[in-house]
Peer 1: 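Here you go, one structure.
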Protein chains: 2
Amino acid sequence: MVPKLDVPSLLGHLNLFAQLDEKSLARLAERSQQVRVPRHAFVFHRGDPASGLYVVAVGRVKLSIPAANGQEKVIEFFGSGQAFGEAMMFIEQPYMVQAQALEDCLLLWVSKQDVLAVIDRQPAFARSLLTGMAARLHTLMQDIEMVSLHSASQRLIHYLLNLPCESGLLTLPVNKNVVASKLGLTPETLSRLLHQFSDAGIITVRGRKVTLHSRDALQAREASPMTH
Amino acid sequence: MVPKLDVPSLLGHLNLFAQLDEKSLARLAERSQQVRVPRHAFVFHRGDPASGLYVVAVGRVKLSIPAANGQEKVIEFFGSGQAFGEAMMFIEQPYMVQAQALEDCLLLWVSKQDVLAVIDRQPAFARSLLTGMAARLHTLMQDIEMVSLHSASQRLIHYLLNLPCESGLLTLPVNKNVVASKLGLTPETLSRLLHQFSDAGIITVRGRKVTLHSRDALQAREASPMTH
DNA sequence: CGCGTGCTTGATTGGTCTCAACCTTTGTGG
DNA sequence: CCACAAAGGTTGAGACCAATCAAGCACGCG
């Protein structure tokens, strides 16, 4: 029933593990555990101890900070081939975020102990980890800049302009409620802003599909706080 | 004229370099460069290439994101014995923050090349780096939580309660303008909030000295958004 | 078909910023 | 040592952005 999974090959193709020799890879794969997480279920909650890292084999995961009255602030999404939860292994602190499956997921879990062992044997792996964490630090600082220094419309524009886009046509990766949370907005504000840009003829919105008619016009609005 | 500095001993006492053997330490110390930075001068600007890391020998440094019209969002402070700028070495991107001396500083600079060399030779050093970056990630996420999920007064209270404090008496580490920026507030709002708590009898403020009369009362205000 | 979830729209509120003036402290040069 | 400037901090009035509250709409799924 369980689909056969070539774990060593799967891991070996990730940036994080690409530098590993076959032996270490095989050992890591063998000691890893497969975890199935149905849509909407939690991988871990805030406050859980962090005793390893996760790799997404199939599906997508949402990392967020829980807030009062069932609200949350979305931090990041992880898709196939991405690893998460590596950082908290290194400090003796429980997770301050929660991870929730956006779709039915198959994850691999590698224990802290196994990761540390590989670090000690393969410096290149340590570098991969460092590179990954540095990248995450960078995006987090961008998020802080966004939320501290830019207005709602500037945040939305920046977000749209940095989404994967083919000839002006893009698709929101998640539903608008979640996009709003990621941008630090209420769903109402997001809806109004999209309509504003739509009315101005800069974009067209149909469901999650957005067409950018003029990246320049968007960038212009990002630069100046905007009159009207 | 230049005061004699025992660089190997200085580095060896830092968490980051504590695990290094004498030889590596000596080599790193020897290849490091001393940098003097007068008060208010910049160590680096946003956009500068990141080609190494800094260690604070003497003085304090402020990391911030520059904004339009001379404003800035303060990210963090670094004092004697702390290292900064390690993260950006690992990704091929220029600094997105600027570093400015809060006081006359003496810094040590270690090149990216030298750091990578030590990583490859000493796994324990890689672990130290990972631990440090993980800790920074953690505090950055706390900052995001603060600024996205909590009100101005909640942020101030949290900040006060987490400052080093001896029997209710604490001192702001920097002037109020900078504290305000760190908290994502205007100086005006910070001033008003301090007065509010002062009027409520919870704290006393004299310059940078703050006396907390009741941590419990503060915590109570942090929990509930507050009526009046 | 009916219900729930996601999304939109309108009216209103309110927390925080902005602008402007003034006060206080610090530091500096005559 | 005083005078003055500059920086840091406070206070008030007002505006504004985005949140909240409250309905209502549209779509998809059982």
Side-chain angles (χ1 to χ4, degrees), chain A residues 39-40 62 67-74 102 146-157 159 171-199 203-210 221 224-228, chain B residues 38-40 62 67-74 100 102-104 146-157 171-199 203-210 221-222 224-228:
Chain A
R39 189 161 132 93
H40 293 152
K62 175 185 73 182
N69 52 303
Q71 301 290 95
E72 60 176 14
K73 160 68 187 176
V74 171
L102 287 168
M146 276 298 136
V147 80
S148 321
L149 258 28
H150 296 302
S151 70
S153 65
Q154 287 174 316
R155 302 206 292 271
L156 173 56
I157 291 170
Y159 180 76
T171 306
L172 301 179
V174 287
N175 71 39
K176 289 179 186 167
N177 285 308
V178 180
V179 170
S181 170
K182 163 89 200 158
L183 294 177
L185 305 173
T186 57
E188 292 96 323
T189 300
L190 174 61
S191 175
R192 285 187 245 269
L193 285 175
L194 285 173
H195 245 273
Q196 223 173 86
F197 299 151
S198 185
D199 289 350
I203 66 175
T204 304
V205 183
R206 180 170 311 224
R208 279 193 202 168
K209 305 266 185 218
V210 180
R221 291 216 179 196
S224 59
M226 179 84 311
T227 72
H228 227 63
Chain B
R39 188 161 134 94
H40 293 151
K62 174 185 74 182
N69 52 301
Q71 302 289 95
E72 60 176 15
K73 160 68 187 175
V74 172
Q100 191 177 13
L102 287 168
E103 310 152 4
D104 289 349
M146 276 298 136
V147 80
S148 321
L149 259 26
H150 296 302
S151 70
S153 64
Q154 287 174 316
R155 303 206 291 272
L156 173 56
I157 291 170
T171 306
L172 301 178
V174 287
N175 71 39
K176 289 179 187 166
N177 285 309
V178 179
V179 171
S181 170
K182 164 89 200 154
L183 294 177
L185 305 174
T186 57
E188 293 96 323
T189 300
L190 174 61
S191 175
R192 286 187 246 267
L193 285 174
L194 285 173
H195 243 273
Q196 222 175 87
F197 299 151
S198 186
D199 289 350
I203 66 175
T204 304
V205 184
R206 180 170 311 225
R208 281 193 201 167
K209 305 263 183 223
V210 180
R221 290 216 180 196
E222 190 182 7
S224 59
M226 177 86 318
T227 73
H228 228 61

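Please read these numbers as outputs of a predicted model, since none were measured by experiment. Chain letters run A, B, ... following the sequence lines, proteins first and then strands; every chain starts at 1.
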Peer 1: Output yes when a side-chain donor or acceptor of B:Ser198 lies under 3.5 Å from a complementary backbone atom of B:Thr204, and no otherwise.
Peer 2: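 A pair under 3.5 Å: no.
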Peer 1: Can you tell me how far C1' of D:dC17 sits from NE2 of A:His150, to the nearest Å?
Peer 2: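 From A:His150 NE2 to D:dC17 C1': 16 Å.
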Peer 1: Report yes or no: does A:Thr171 contribute a side-chain atom to a donor-acceptor pair with the main-chain N or O of A:Lys209 at less than 3.5 Å?
Peer 2: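 Not a single qualifying donor-acceptor pair exists.
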Peer 1: Can you check whether B:Arg39's main-chain N or O pairs, donor with acceptor, with B:Glu103's side chain at less than 3.5 Å?
Peer 2: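 Absent.
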Peer 1: Ignoring backbone atoms, test whether B:Thr186 places a side-chain nitrogen or oxygen under 4.0 Å from the OP1 or OP2 oxygen of C:dT16.
Peer 2: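 No.
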Peer 1: Out of D:dT20, D:dA18, C:dT16, which nucleotide sits closest to the side chain of B:Ser151?
Peer 2: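 Minimum distance to the B:Ser151 side chain belongs to C:dT16.
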Peer 1: Can you tell me the distance, in whole Å, between the CG atom of A:Leu156 and the P atom of D:dC17?
Peer 2: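 Going from A:Leu156 (CG) to D:dC17 (P), I get 16 Å.
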Peer 1: What is the distance from CG of B:Leu185 to P of D:dG9, rounded to the nearest Å?
Peer 2: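 Rounded to the whole Å, the gap is 14 Å.
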Peer 1: Specify the separation, in whole Å, of atom NZ of B:Lys209 and atom P of D:dG9.
Peer 2: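 In whole Å, D:dG9 P and B:Lys209 NZ are 14 Å from each other.
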Peer 1: How long is the line joining CZ of B:Arg221 and P of C:dG15, in whole Å?
Peer 2: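 Between P of C:dG15 and CZ of B:Arg221: 13 Å.
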Peer 1: Could you tell me whether the side chain of A:Glu72 and the main chain of A:Ala67 form a donor-acceptor pair under 3.5 Å?
Peer 2: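 Answer holds: no.
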Peer 1: Check B:Leu183 against B:Arg155 and note the closest heavy-atom contact, atom names and distance.
Peer 2: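 In this case the closest contact between B:Leu183 and B:Arg155 is O-NE, 2.8 Å.
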Peer 1: How long is the line joining CG of B:Leu183 and C1' of C:dC17, in whole Å?
Peer 2: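 Distance check: B:Leu183 CG to C:dC17 C1' gives 16 Å.
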Peer 1: Rounded to whole angstroms, how far apart are CG on B:Leu172 and P on D:dG8?
Peer 2: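 Atom CG in B:Leu172 sits about 15 Å away from atom P in D:dG8.
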Peer 1: Report for the helix from C:dC1-D:dG30 to C:dG30-D:dC1: angle between first-end and last-end helix axes, five pairs each, rounded to 10 degrees.
Peer 2: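 About 30°, once rounded to a multiple of 10°.
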Peer 1: Which protein N or O atoms sit under 3.5 Å from an N or O of nucleotides 5-8 of chain C?
Peer 2:
residue, atom, partner, partner atom, Å
C:dC7, OP1, A:Lys176, N, 3.4
C:dC7, OP2, A:Lys176, N, 3.0
C:dC7, OP2, A:Asn177, N, 3.2
C:dC7, OP2, A:Asn177, ND2, 3.3
C:dT8, OP1, A:Lys176, NZ, 3.1
C:dT8, OP2, A:Ser191, OG, 3.2
C:dT8, O5', A:Ser191, OG, 3.2

Peer 1: Carefully, step by step, assess B:Leu194 and B:Leu156 under the rule side chain to side chain contact (heavy atoms under 4.5 Å, CB included).
Peer 2: CA-CA 9 Å; B:Leu194 285 173; B:Leu156 173 56; 4.0 Å; yes
Peer 1: Determine, step by step, whether A:Lys62 and A:Val174 satisfy the side chain to side chain contact (heavy atoms under 4.5 Å, CB included) criterion, reporting the C-alpha distance in whole Å, the side-chain angles of both residues, the deciding distance to 0.1 Å, and the verdict.
Peer 2: CA-CA 10 Å; A:Lys62 175 185 73 182; A:Val174 287; over 6 Å; no
Peer 1: Please report, rounded to the nearest Å, how far the C1' atom of C:dG10 is from the CD atom of A:Gln196.
Peer 2: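 The answer, rounded to whole Å, is 15 Å.
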Peer 1: If we ignore hydrogens and angles and just use 3.5 Å, is the side chain of A:Asn175 paired with the main-chain N or O of A:Asn177 as donor and acceptor?
Peer 2: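 A pair under 3.5 Å: yes.
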Peer 1: Under a 3.5 Å distance rule, please check whether A:Gln154 uses its side chain to pair with a backbone N or O of A:Ser151 as donor and acceptor.
Peer 2: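 Yes, the answer is positive, given that a donor and an acceptor are paired below the 3.5 Å cut-off.
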Peer 1: Quick one: CZ on A:Arg221 to CD on A:Gln196, what's the gap to the nearest 0.5 Å?
Peer 2: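 Rounded to the nearest 0.5 Å, the CZ-CD separation comes to 6.5 Å.
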Peer 1: Taking B:Ser181 for its side chain and B:Val74 for its backbone only, find out whether a donor-acceptor pair lies under 3.5 Å.
Peer 2: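 Looks like yes, one N/O pair under 3.5 Å.
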Peer 1: Show each protein N/O and nucleotides 25-30 of chain D N/O combination with a separation under 3.5 Å, one pair to a line.
Peer 2:
none

